[in-house]
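All residue numbers refer to positions in the sequence shown, counting from 1.
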Amino acid sequence: MSDINLTQLKTDILADATLAPLAGAAGVNGDYPNSKDGTISAALNVKNVPANKSRLITARTLLAELNPVTAATILDKLESASVANTVIKWAMKFLTAEPGLDIGHLNTLAMLGQLVTANVITAAEAAALKGLSAVTISVAEQKYGRDVHNLDIAKCFGRVGLGS
């Protein structure tokens with residue numbers, strides 16, 4: 001389990017209009033385990049934040065997971081544009097070989113926007129491609145890189161020792 005910045009966790013909880021009253025109800029000097037710790041950690045672990053994750057895809061992925069006509073259209077457009085654009089040329093090389101192109105990488109996502117702006121693909125086609133890396137994560141995963149546990153809540157409010 002990676003370390004969470006407990007000071008930041010406490011600050012975030014106290015700044016949240018829904019969680020702050022629970023932290024107060026838990027009692028900063030209360031005993032662990034406190035039932036409110038579980039309520040706070042559960043609230044932070046609800047998966048409700050849209051995000052993109054790293055995912056390697058190939059043309060095979062597109063044809064299997066998108067409408068095949070849409071996938072073929074996207075691939076044809078990218079192949080045509082690759083003649084004049086070296087970035088697209090290299091992206092196509094990754095799409096046509098294992099392990100593939102990382103569709104969830106920030107640079108790839110930005111490139112999709114640029115392809116729409118340049119009228120290479122449509123916004124709907126870019127959205128379909130971005131959807132291949134779409135996930136829903138929790139606030140805890142977004143801010144701290146992992147789920148928050150009851151013990152993390154207790155530690156940030158000093159109800160248990162940091163070595164526990």
Side-chain angles (χ1 to χ4, degrees), residues 1-67 70-71 74 87 90-91 93-116 121 123-164:
M1 190 169 16
S2 65
D3 289 336
I4 287 180
N5 180 328
L6 296 174
T7 303
Q8 185 63 52
L9 176 60
K10 181 178 180 180
T11 300
D12 292 344
I13 291 168
L14 293 175
D16 185 287
T18 304
L19 299 179
L22 295 173
V28 173
N29 296 315
D31 291 332
Y32 174 80
N34 185 301
S35 63
K36 300 298 181 186
D37 294 337
T39 304
I40 293 169
S41 64
L44 290 169
N45 294 332
V46 171
K47 296 196 180 300
N48 59 2
V49 179
N52 293 90
K53 71 172 184 169
S54 178
R55 181 180 182 200
L56 296 172
I57 64 164
T58 64
R60 180 180 296 120
T61 310
L62 298 183
L63 291 165
E65 295 188 25
L66 300 180
N67 173 302
T70 301
I74 292 170
V87 173
W90 284 104
K93 285 186 184 231
F94 286 113
L95 277 172
T96 58
E98 297 292 340
L101 175 72
D102 186 351
I103 194 66
H105 192 280
L106 290 177
N107 290 341
T108 306
L109 295 169
M111 182 175 63
L112 292 174
Q114 294 164 0
L115 291 172
V116 171
I121 60 175
E125 291 165 340
L129 291 170
K130 288 178 184 180
L132 294 172
S133 69
V135 294
T136 305
I137 63 172
S138 68
V139 169
E141 289 173 291
Q142 181 186 44
K143 290 186 175 186
Y144 316 114
R146 67 165 172 86
D147 281 346
V148 173
H149 305 286
N150 299 6
L151 186 57
D152 298 319
I153 307 301
K155 284 180 179 179
C156 84
F157 285 101
R159 289 195 288 278
V160 294
L162 296 179
S164 299

Between CG of L95 and CD1 of I57, what distance do you get to the nearest 0.5 Å? 5.5 Å

Side chains of L56 and T61: does their closest heavy-atom pair fall under 4.5 Å? no

Short side-chain to backbone donor-acceptor contact, S133 and N52, under 3.5 Å: no

For D102 and R55, the nearest pair of non-hydrogen atoms, with its separation, is OD1-N, 2.9 Å

Rounded to the nearest 0.5 Å, how far apart are CD1 of I137 and CG of N45? 11.5 Å

Value for CG (L14) from SG (C156), rounded to nearest 0.5 Å, stands at 7.5 Å

With a 4.5 Å limit on heavy-atom distance, are the side chains of D152 and Y144 in contact? no

Using a cut-off of 6.0 Å, state whether more than 12 heavy atoms not belonging to K53 lie near its atom NZ. no

Is a donor on one side and an acceptor on the other found under 3.5 Å between the side chain of D16 and the backbone of I13? no

Within the side chain of T108, is there an N or O that forms a donor-acceptor pair under 3.5 Å with the backbone of G104? no

Determine whether V116 and I121 make a side-chain contact, defined as any pair of heavy atoms from C-beta on separated by less than 4.5 Å. yes

Taking C-beta and beyond as the side chain, do L62 and T70 meet within less than 4.5 Å on heavy atoms? no

Between A17 and P21, the two heavy atoms sitting closest are O-CD, 3.2 Å

Could you check whether any side-chain heavy atom of I103 comes within less than 4.5 Å of a side-chain heavy atom of L112, counting everything from C-beta outward? yes

Separation between CG (N48) and CD (Q142), nearest 0.5 Å, reads 9.0 Å

Between G38 and N150, the two heavy atoms sitting closest are CA-OD1, 3.3 Å

Between NZ of K143 and CG of N5, what distance do you get to the nearest 0.5 Å? 12.0 Å

If we ignore hydrogens and angles and just use 3.5 Å, is the side chain of H105 paired with the main-chain N or O of N107 as donor and acceptor? yes

For a side chain to side chain contact (heavy atoms under 4.5 Å, CB included) check, start with the C-alpha distance between L66 and I74, then their side-chain angles and the critical distance, and finish with the verdict. CA-CA 10 Å; L66 300 180; I74 292 170; 4.2 Å; yes

First locate atom CZ of R60, then atom CG of L63, and finally report the distance between them rounded to the nearest 0.5 Å. 9.5 Å

Within a strict 4.5 Å, meaning less than it, do heavy atoms of the L44 and L9 side chains meet? yes

